[in-house]
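Since the structure comes first, as structure tokens, the remarks are kept for the end.
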Amino acid sequence: MTISRSEYCVIACAEAWRDNGEVLASPMGLIPAFGARLARRTFSPDLLLTDGEAMLVDSDGAVEGWLPYRRHLVMVTGGRRHVMMGASQIDRFGNQNISCIGDWAQPKRQLLGVRGAPVNTLNNPVSYWIPRHSPRVFVERVDMVCGVGHDRARGARYHRIPRVVSDLGVFDFATEDRSMRLASMHPGVTVGQIEEATGFTLTIPSGVPYTREPTAAELRLIREVIDPGGLREREVRG
């Protein structure tokens, strides 16, 4: 059975929430949302999902409970939420930029703004999803720090960046200096392709594995239950 690149990306995002227990999953974007729903249906049944506002929902979107804002703030500031968000730029230590390109005083391009990225990254685990891996995104130095990386966290109690998932592979920070490491590459991708598409020197261990395949049951859930319309293929080609 042929497995598409997008389906490897869904499973790679889902794995970010493995063994998280009862934490609030906050996926931002299509593939992360599919991944969180898959994790909830399979290996992370205690994961909490929301409707994006004030309701806790199950994997089908049915309301399970109410999450008042005061409780949400407790989870956000106490390490009880795991966000997966995007990045316009990310560097070797996991500093993320979603605010502007160029000098912040006179940027070439204005983006979303800092938003809640500093609070998110210092107070709860944050992973990243990047659908187009390129040197313009994986940069030597971000133009503005929004999400805080390992070199700037300064011992923050709940700061953690479990993984970065792109359309080429999965990356973590399991190195001595907490810089980015290639953890797995998606089938059909080579180490050379990843190095060429990255604007800094990655740690490349020997014998880099391929991203794991979804099981038959997971593949059925992705294709028939979570995303029967195939929206995933529009975000990730191949």
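Fair warning: this is a prediction, and the values are worked out from it, not measured in the lab.
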[X]: which residues meet the salt bridge (Lys or Arg N to Asp or Glu O under 4.0 Å) condition with it, sequence neighbours left out?
{"X": "E176", "result": "none"}
{"X": "R80", "result": "none"}
{"X": "D227", "result": "R232"}

Without placing hydrogens or testing angles, list every side-chain donor-acceptor pair under 3.5 Å for residues 101-112, not counting sequence neighbours.
from, atom 1, to, atom 2, distance (Å)
D103, OD1, A105, N, 3.0
Q110, NE2, S99, O, 3.0

Just jot down the ring-ring contact (aromatic ring centres under 6.0 Å, His included) partners of W17, sequence neighbours excluded, or say none. H82
Same cluster or not: are L30 and L38 linked, directly or through other Ile, Leu, Val, Met, Phe, Trp or Tyr residues, by side-chain heavy atoms under 4.5 angstrom apart? yes
Pairs where [range] contributes a residue and the test salt bridge (charged side-chain N to carboxylate O under 4.0 Å, His left out) is met, not counting sequence neighbours:
{"range": "residues 16-31", "answer": "E15-R18"}
{"range": "residues 84-100", "answer": "R92-E140"}
{"range": "residues 58-70", "answer": "R40-E64, R41-D60"}

Donor-acceptor pair, Q96 side chain versus G86 backbone, under 3.5 Å? yes
According to the ring-ring contact (aromatic ring centres under 6.0 Å, His included) rule, which pairs have a member within residues 170-196, sequence neighbours left out?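 Listed by first then second residue: H133-F171, F138-F171, H150-F173.
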Considering residues, nucleotides and ligands other than R71, do more than 12 of their heavy atoms fall under 6.0 Å from its CZ?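 Counting neighbours around CZ of R71, 12 or fewer heavy atoms of other residues, nucleotides or ligands fall under 6.0 Å, so no.
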Partners meeting side chain to side chain contact (heavy atoms under 4.5 Å, CB included) with R81 (sequence neighbours left out):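 Per chain and number, R81 pairs via side chain to side chain contact (heavy atoms under 4.5 Å, CB included) with L24, S26, H72, V76, V83, N120, N124.
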For P205, which residues count as a side chain to side chain contact (heavy atoms under 4.5 Å, CB included) partner, sequence neighbours excluded?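 By the side chain to side chain contact (heavy atoms under 4.5 Å, CB included) rule, P205 matches R181, V208.
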Indicate the atoms forming the closest heavy-atom contact of T211 with P187, along with that distance. O-CD, 4.2 Å
Going by atom type alone, with no hydrogens or angles, which donor-acceptor pairs under 3.5 Å involve a side-chain atom of residues 152-164 and a protein atom two or more places apart or on another chain?
from, atom 1, to, atom 2, distance (Å)
H159, NE2, V148, O, 2.8
R163, NH1, A12, O, 2.7

